[in-house]
Amino acid sequence: MRTKEIPRYMTLVQTKEYLNIGSYNTLYKLIDKGLKVSVIGGVKRIDRQEADRFMQSMIKED
């Protein structure tokens, strides 16, 4: 999926594709570790920029 095809505020399905993860379990683990989710009227969205920031913050330096 190309970045321009992905909206700024992604559904959980789009977020899984964007982050190249295969299961909702993995996505929910990232959410538990601090990936922020917006919930409006029961609809969950993840900001693409927040997903990038979160993944960058998870980089481990040896």
Side-chain angles (χ1 to χ4, degrees):
M1 194 177 264
R2 295 184 188 116
T3 301
K4 67 180 182 179
E5 295 173 359
I6 298 176
R8 165 93 188 260
Y9 296 98
M10 304 177 289
T11 65
L12 297 183
V13 171
Q14 291 166 328
T15 303
K16 281 184 1 153
E17 292 176 12
Y18 182 71
L19 296 178
N20 196 30
I21 55 179
S23 73
Y24 284 104
N25 278 344
T26 302
L27 179 57
Y28 285 119
K29 286 178 185 178
L30 297 179
I31 292 168
D32 287 344
K33 289 183 180 256
L35 178 60
K36 295 177 184 174
V37 179
S38 298
V39 182
I40 301 170
V43 177
K44 296 178 182 177
R45 293 288 185 268
I46 296 176
D47 183 345
R48 191 176 69 237
Q49 293 176 352
E50 167 61 21
D52 290 338
R53 184 209 60 77
F54 174 79
M55 294 303 285
Q56 192 69 27
S57 75
M58 297 304 289
I59 293 174
K60 292 185 178 181
E61 305 218 7
D62 294 329

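- L12 and I40 end up in different hydrophobic clusters when Ile, Leu, Val, Met, Phe, Trp and Tyr side chains are linked at under 4.5 Å.
- Using a distance-only test at 3.5 Å, with no hydrogens or angles considered, no donor-acceptor pair links the side chain of R8 to the main chain of D47.
- The CZ atom of R45 sits 6.0 Å away from atom OG1 of T11, with the distance rounded to the nearest 0.5 Å.
- Atoms OG1 and NZ, from T26 and K29 in turn, are 6.0 Å apart once rounded to the nearest 0.5 Å.
- Connection of V13 to L35 is established within a shared hydrophobic cluster, with ILVMFWY side chains joined at heavy-atom distances below 4.5 Å, either directly or through further cluster members.
- Heavy-atom minimum distance, Y9 versus Q14: O-OE1, 4.3 Å.
- Surrounding CG of N20 are at most 12 heavy atoms belonging to other residues, nucleotides or ligands under 6.0 Å away.
- For the pair K16 and Y24, the cation-pi test (distance below 6.0 Å, angle within 45°) is passed.
- Rounded to the nearest 0.5 Å, atoms CE (M58) and CZ (R53) are 10.0 Å apart.
- Of all non-hydrogen atoms in R48 and I6, the two that sit nearest each other are NH1-O, 2.8 Å.
- Heavy atoms only, all atoms of each residue included: L19 and A51 are closest at CD2-CB, 4.3 Å.
- V37 pairs in a side-chain contact (heavy atoms from CB on, under 4.5 Å) with only one of the listed residues (I31, L27, T15, L30), which is I31.
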